[in-house]
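First up is the structure itself, then whatever we jot down about it.
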Amino acid sequence: MLKIENLTVHFHDSNEPALEDVNLNFQRGEFVCILGKSGAGKSTFVRCINGLQKPTSGEIFWNDKPILQMKEENLRKVRREMGMIFQHYNLIPRLTVLQNVLTGSFGYRSTFKSLVGWFDKEEIDKAKKVIEDVELTDQINRKVEQLSGGQKQRVGIARAMLQKPKMFLGDEPVSSLDPGTANHIFNLIQELHSRYQLLTIINVHDVTIAKRYATRLIAFKHGKIIFDDTPESFEENEFHLTYHSPTNKIGSLPINK
Ligand SMILES: Nc1ncnc2c1ncn2[C@@H]1O[C@H](COP(=O)(O)OP(=O)(O)OP(=O)(O)O)[C@@H](O)[C@H]1O
């Protein structure tokens with residue numbers, strides 16, 4: 001479904017590449033968590049997949065089609081199949097829950113309709129349905145700036161769901177949330193992932209969460225893959241290889257509850 005071939009990203013102001021010759025293959029139904037300490041290349045990897053970062057070299061195939069050279073119109077179609085969930089939600093604070101979720105339909109609309117912000121009843125009904133799925137119906141007309149972090153992330157998920165994605169792509173979606181809320185958000189993502197048989201790829205800092213929800217774990221270090229296997233195989237040794245550096249004092253692998 002998603003194939004990454006020889007992906008390399010080199011930022012001008014850096015001696016080391018942020019990603020170096022990354023090769024990966026992902027299938028529908030996989031729930032992948034990406035691990036790695038700060039600066040390992042996790043965000044750069046996710047940003048390359050959804051086109052926010054242009055790689056220096058390599059190719060990305062979406063259902064066998066190379067996407068890096070695609071024309072804008074085709075790329076728009078691919079992007080709307082990738083529901084993106086961000087760490088800082090990327091919502092419009094002064095708009096309501098419903099209005100924010102409706103922006104998820106922009107990938108399906110003409111530029112004119114998007115510009116005038118006019119939505120027909122069918123679009124509004126679909127938005128109400130995904131808002132119900134994330135249990136925010138009682139907040140539907142509230143401005144998102146009045147919501148808690150967990151509620152904002154649920155708006156972000158509903159917006160992604162309105163795109164009818166084939167994939168969830170998350171860049172640290174629970175890093176700003178307390179552990180209880182983070183688990184609640186992951187439960188929701190997992191439920192939608194299973195219901196719609198998505199491919200899910202999410203960067204996480206929290207190894208316990210990654211081991212609890214993922215079907216596959218990938219760890220990056222200095223822009224390279226150093227682990228790609230089942231969560232059960234990610235043990236003390238792999239944890240140290242991923243997070244240890246001479247200047248970085250770390251604890252042990254958190255116990256998987
Ligand atoms: N826009 C940029 N310009 C220059 N260097 C960048 C840019 N974005 C990232 N980098 C560098 O690329 C490397 C990988 O960064 P990236 O943000 O992908 O890491 P990460 O694993 O997501 O880290 P974190 O967990 O802290 O978000 C780092 O050395 C970072 O400083």
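Order of listing sets the numbers, starting from 1, for every ligand and every atom in it.
Met82 is not listed as a side-chain neighbour of Arg79, based on a closest heavy-atom distance of 4.5 Å or more. Counting heavy atoms from C-beta outward, Leu199 and Phe168 have side chains that stay 4.5 Å or more apart. Val101 has its side chain within reach of Val155: a pair of non-hydrogen atoms, C-beta onward, lies under 4.5 Å apart.
Between Gly41 and ligand 1, an N or O atom pair is found at a separation short of 3.5 Å. The shortest N or O to N or O distance between Phe11 and ligand 1 is not below 3.5 Å.
For the ligand labelled ligand 1, residue Glu172 lies inside the 4.0 Å heavy-atom shell.
No side-chain N or O of Asn100 forms a donor-acceptor pair with one of Tyr89 less than 3.5 Å apart.
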Please list every donor-acceptor pair under 3.5 Å in which a side-chain atom of residues 20-35 meets a protein atom from a residue at least two apart or in another chain.
unit_1 : atom_1 : unit_2 : atom_2 : d
Asp21  : OD1    : Asn6   : ND2    : 2.9
Asn23  : OD1    : Asn6   : N      : 2.8
Asn23  : ND2    : Asp21  : O      : 3.4
Arg28  : NE     : Gln197 : O      : 2.7
Glu30  : OE1    : Gln27  : N      : 2.8
Glu30  : OE1    : Arg216 : NH1    : 3.2
Glu30  : OE2    : Arg216 : NH1    : 3.1

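Gly39 O, 4.0 Å is the protein heavy atom nearest to atom 29 (O) of ligand 1. Here the heavy atom of the protein found nearest to atom 17 (O) of ligand 1 is Ser43 CB, 3.7 Å.
Interface of His205 with ligand 1, defined as ligand atoms under 4.0 Å from a residue heavy atom, comprises 25 (O). Counting the atoms of ligand 1 from 1 in the order shown, those under 4.0 Å from a heavy atom of Lys37 are 21 (O). Contact atoms of ligand 1 toward Thr44: 14 (C), 15 (O), 16 (P), 18 (O) (distance under 4.0 Å to a heavy atom of the residue). Close approach of ligand 1 to Ala18 (heavy-atom distance below 4.0 Å) involves ligand atoms 12 (O), 13 (C), 14 (C).
Take Asp133 and apply the salt bridge (charged side-chain N to carboxylate O under 4.0 Å, His left out) test, not counting sequence neighbours, and it matches Lys129, Arg195.
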